[in-house]
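For ligands, and for the atoms within them, numbers begin at 1 and follow the listed sequence.
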Amino acid sequence: MPTTSRASRCGARPPTRSSSCSRRAPASKPGRGGGQVSRSAPASPGRSERLGAWGPFRGPHVRRPPMELKGQVAIVTGAGRGIGRATALELARLGADIVIAEVDQHNADTTAKLVKDLGRRAAVVHTDVTKRAALATMAERTKAELGRIDILVNNAGIYRAAATLDVTEDHWDAIMDINAKAVFFASQAVLPTMIAQKRGSIVSLASMAGKIGSKTNLPYNASKAAVVSMTKSLALAHAADGIRVNCVCPGFVETDMWTMVARDQSKLLGLTPEEFTRQREKAVPLGRMERPEDVANVIAFLCTERAGYMTGQALSVDGGLVMHG
Ligand SMILES: NC(=O)c1ccc[n+]([C@@H]2O[C@H](COP(=O)([O-])OP(=O)(O)OC[C@H]3O[C@@H](n4cnc5c(N)ncnc54)[C@H](O)[C@@H]3O)[C@@H](O)[C@H]2O)c1
């Protein structure tokens, strides 16, 4: 049986009360091997147990270094509600100023207020992501109003269900325009600025749907598979420019979109929306529906230097629903 090295056993894990690694780990530099464990040699075992990676240990998660994204500017499309709003707020908590690129002015204004309440700058740029000219304006106004573009989160998306024989051309085009085409042209709109800065991070919302098939969601699944594919091509094309491109693949996230999923799918399956949701929830290995914040946390991580060696990846954030690819 191969032996497990001490580094791989203790690696990036924060100390916990039961962790023997935390008690015995020597002091090491942050970012190298077990360096996330502590910044200096623990004064005593008791103290090492209380310290997380960046300060006092206050719960099951490592405290993140504060303001990792300070001075950076992030555009989040569809940030008026759901995963987009949660992402805008998480990036703002990490120090980024936020551009909310939305069609829903009222919701966009609310997100902007919440970002400002966190002490960050916020700008609402009315953007229909299906229009290439609007995406160009989004990039220009971001530079004009906030000075730079470090992060793009391609979040705006729509959902529609239909049996294969009922999918119309309008259905296909509407899904592809927002979920796939807009991801490419929004990225294209910000790339010249990121290339000039020699730095940038693009994170797009794919879905577990992009990794599996579906009897009743064919265009949606195809659009999300396209996001995974574009992520890989963009990552390859712009790695040398200092730009990282990744996507996340959530599962069943409780947002307004999920209300539509449950309504449409339950009709096709002869269930009530509540029955459909309960059925789906039971299928999740981690045993609960996903929250927008579950996705936002991973998106924010991908935007930080902690993910500085990751590009071209499609990360499942789905409670264990999809465990391949
Ligand atoms: N909710 C889920 O279960 C789930 C699962 C996997 C992936 N996703 C993906 O995550 C993303 C966000 O999903 P959500 O659940 O937060 O959706 P949501 O419907 O709650 O929010 C979507 C937001 O996008 C905005 N939007 C729609 N069309 C737009 C357009 N043309 N231009 C600009 N903004 C537009 C809407 O106004 C809204 O604020 C989507 O890409 C979705 O496909 C969601």
Would you tabulate the polar-atom pairs, meaning N/O of ligand 1 against N/O of the protein, with distances under 3.5 Å, reported to 0.1 Å?
from     : atom 1 : to   : atom 2 : distance (Å)
ligand 1 : 1 (N)  : V253 : O      : 3.3
ligand 1 : 1 (N)  : T255 : OG1    : 3.2
ligand 1 : 3 (O)  : G251 : O      : 3.4
ligand 1 : 3 (O)  : V253 : N      : 2.9
ligand 1 : 3 (O)  : V253 : O      : 3.4
ligand 1 : 15 (O) : T255 : OG1    : 2.5
ligand 1 : 16 (O) : I83  : N      : 2.9
ligand 1 : 19 (O) : R81  : NH2    : 2.8
ligand 1 : 20 (O) : R81  : NE     : 3.1
ligand 1 : 21 (O) : R81  : NE     : 3.3
ligand 1 : 31 (N) : D128 : OD1    : 3.0
ligand 1 : 32 (N) : T127 : O      : 3.3
ligand 1 : 32 (N) : V129 : N      : 3.1
ligand 1 : 37 (O) : E102 : OE1    : 2.9
ligand 1 : 37 (O) : E102 : OE2    : 3.3
ligand 1 : 39 (O) : E102 : OE2    : 2.3
ligand 1 : 41 (O) : N155 : O      : 2.8
ligand 1 : 41 (O) : K224 : NZ     : 3.0
ligand 1 : 43 (O) : Y220 : OH     : 2.7
ligand 1 : 43 (O) : K224 : NZ     : 2.9

Write down the atom of N154, the atom of A182, and the distance for their closest heavy-atom approach. OD1-O, 4.3 Å
Can Q265 and T216 be counted as having a side-chain donor-acceptor contact under 3.5 angstrom? yes
For residues 94-112, which side-chain donor-acceptor pairs fall under 3.5 Å, sequence neighbours excluded?
from : atom 1 : to   : atom 2 : distance (Å)
D97  : OD1    : R121 : N      : 2.8
D97  : OD2    : R121 : NE     : 3.0
D97  : OD2    : R121 : NH2    : 3.1
E102 : OE1    : D104 : N      : 2.9
E102 : OE2    : G80  : N      : 2.9
D104 : OD1    : H106 : N      : 3.2
D104 : OD1    : N107 : N      : 3.0
D104 : OD2    : N107 : ND2    : 3.2
Q105 : NE2    : D109 : OD1    : 3.2
T110 : OG1    : H106 : O      : 3.1
T111 : OG1    : A79  : O      : 2.8
T111 : OG1    : R85  : NE     : 2.9
T111 : OG1    : N107 : O      : 3.2

List the atom pairs, donor and acceptor, that lie under 3.5 Å between side-chain atoms in residues 249-256 and the rest of the protein, sequence neighbours left out.
from : atom 1 : to   : atom 2 : distance (Å)
T255 : OG1    : M257 : N      : 3.2
T255 : OG1    : W258 : N      : 3.4

Qualifying residues under ring-ring contact (aromatic ring centres under 6.0 Å, His included), relative to Y159, sequence neighbours excluded: Y220
Take R160 and D264 through the salt bridge (charged side-chain N to carboxylate O under 4.0 Å, His left out) test and state the conclusion after the steps. CA-CA 8 Å; R160 272 192 206 171; D264 293 2; over 6 Å; no
